[in-house]
Trainee: 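Below is a structure I'd like to ask you about.
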Amino acid sequence: MVRINANFNKLPGSYLFSEIARRVAAYGEANPDRTLIRLGIGDVTRPLPAAVTAAMHKAVDEMATAQGFHGYGPEQGYDFLRQAIAQHDYKARGVDIQPNEIFVSDGAKSDCGNIGDIFGTDNVVAVCDPVYPVYVDTNAMAGRAGDYDAATGRWTNLIYMPCVAANGFSPAIPAEKVDLIYLCFPNNPTGAVATRAQLKAWVDHANATGAVILYDSAYEAFITDPAIPHSIFEIEGARTCAIEFRSFSKTAGFTGTRCAYTVIPKELEREGTSLNSLWNRRQCTKFNGVPYVVQRGAEAVYRPEGRAQVRETIQYYLNNAKIIRDGLAAAGLTVSGGENSPYIWAATPDGMGSWDFFDKLLREANVVTTPGAGFGPSGEGYIRLTAFGEAEATRQAVERIKAVL
Ligand code: MLT
């Protein structure tokens, strides 16, 4: 009889956002007269920039010709896109990343989850708490997390780095020896950012111990403070200890179009082996690349008109973030995030449990949020709201929440 990967049996319930979708659908079916406003999952609502759709239309027309047809593309991504990324996301910020250090993919979620393929299952993994659940669940699937302890909400073999109000939602470097360190800034879910000095401490620590930092900067486009780094590679020494994940999803509205990339510097080696080569080997074996049409769309993000349109969209979401922040604060909630991030992290009133507050807002305000506890034990007592909604719906949601409070 075949044996399954028994690690899957250890996963509690369902994936966080699937569970929320299930609860919201059940509520919607039971209350068809209610109009729900969804500020739960971080899915964008603005259409793709016109420059992107124009480039995609052109690419579709090319595909209809014998000369312009593209079959399998390079697994690592087309050179035109890797060049554009290296130039605009890195060189323009004074960071030297070569196109052959960039791997174009169908999503930062996939890459954050799949990167574990190139690391042994006996590595010690450190995650922030609260944390984007993909890092935890994929390590659990690989057998790196140990067992889930329902009493603490923690996995026995993971090192949790609490991100709480007392430390400004910034994790301390763990005292234990850790091998893989997941960091996400601007942070999902708290919206916190990391300063240059904080990132330098992580880089120095990783270089000193041989750890590797898995740096998720999917939300870097929302950074408004010029002093905050957008990339771990802005930090001296990161080329020998870090992998970075980026995405067009939240930047340019690609959540349904799918395009992202991962950067692995050539200098990054462990046990005498290049991690860039390992990831290349993994991608060539398991991945056939992002569609040509989509990569042409992504390339257009870097053209002058594409950049202007993206800036406008980001500003639209940041305006929503301000409306949420100011509104919830006016209603008496303690809020953080939302200034360099599309996520607002709000403490529940009177120490209410986060799932209870989620339910209250769903039932009484008909607003969907994300319970902080879903991101880990230190998320208990918080909810997360996203700024990715439509502006008018966001305003209405805030008014409804204020009325409930
Ligand atoms: C979130 O809501 O945390 C994100 O949208 C999830 C994701 O990007 O996969």
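These numbers come from a predicted model, not from an experiment. We count ligands from 1, going down the list as the structure has it; atoms in each ligand are counted the same way. Below, all heavy atoms of this structure are taken into account, side chains as well, without hydrogens, waters or symmetry copies.
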Trainee: Could you tell me the residue and atom name of the protein heavy atom closest to atom 4 (C) of ligand 1, and the distance to it rounded to 0.1 Å?
Mentor: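 Among all protein heavy atoms, the one nearest atom 4 (C) of ligand 1 is Lys250 NZ, 3.4 Å.
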Trainee: With heavy atoms of Ile41 as the reference, note each atom of ligand 1 found under 4.0 Å away.
Mentor: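 Within the 4.0 Å cut-off of Ile41, ligand 1 contributes 2 (O), 5 (O).
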Trainee: So does Phe169 get a backbone contact from the side chain of Asn167, meaning a donor-acceptor N/O pair under 3.5 Å?
Mentor: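 Checked: pair present.
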Trainee: Which residue holds the protein heavy atom closest to atom 6 (C) of ligand 1, what is that atom called, and what is the gap in Å?
Mentor: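 The closest heavy atom on the protein side is Tyr132 CE1, 3.6 Å.
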Trainee: Does any N or O atom in Phe17 lie less than 3.5 angstrom from one in ligand 1, N or O only?
Mentor: no
Trainee: Give the ring-plane orientation class for Tyr148 versus Trp155, where under 30° counts as parallel, over 60° as perpendicular and anything between as tilted.
Mentor: tilted
Trainee: Give the numbers and elements of all ligand 1 atoms closer than 4.0 Å to a heavy atom of Gly42.
Mentor: 1 (C), 2 (O), 5 (O)
Trainee: Among Val124, Asp129, Val131, Val136, which residue meets the side chain to side chain contact (heavy atoms under 4.5 Å, CB included) test with Leu158?
Mentor: Val136
Trainee: At a 4.0 Å threshold, what atoms of ligand 1 neighbour a non-hydrogen atom of Tyr343?
Mentor: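 Numbered from 1, ligand 1 contributes 1 (C), 2 (O), 3 (O), 4 (C), 5 (O).
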Trainee: Is the distance from the ring center of Phe222 to that of Phe185 below 6.0 Å?
Mentor: no
Trainee: Could you label the plane-to-plane angle of the His205 and Trp202 rings as parallel, tilted or perpendicular, counting under 30° as parallel and over 60° as perpendicular?
Mentor: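 The arrangement is perpendicular - the two ring planes meet at more than 60°.
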Trainee: Looking only at side chains, do Asn288 and Glu75 share a donor and an acceptor under 3.5 Å apart?
Mentor: no
Trainee: For ligand 1, indicate whether the residue Asn188 contacts it via side chain, backbone, both or neither (heavy-atom separation under 4.0 Å).
Mentor: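 Asn188 to ligand 1: side-chain contact only, backbone stays beyond 4.0 Å.
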Trainee: State whether the shortest distance between N or O atoms of Lys109 and N or O atoms of ligand 1 falls below 3.5 angstrom.
Mentor: no
Trainee: Indicate, as side chain, backbone, both or neither, the part of Phe375 found under 4.0 angstrom from ligand 1 when only non-hydrogen atoms are considered.
Mentor: neither
Trainee: Kindly say whether Ser277 contributes a backbone atom to a donor-acceptor pair with the side chain of Ser274 at under 3.5 angstrom?
Mentor: yes
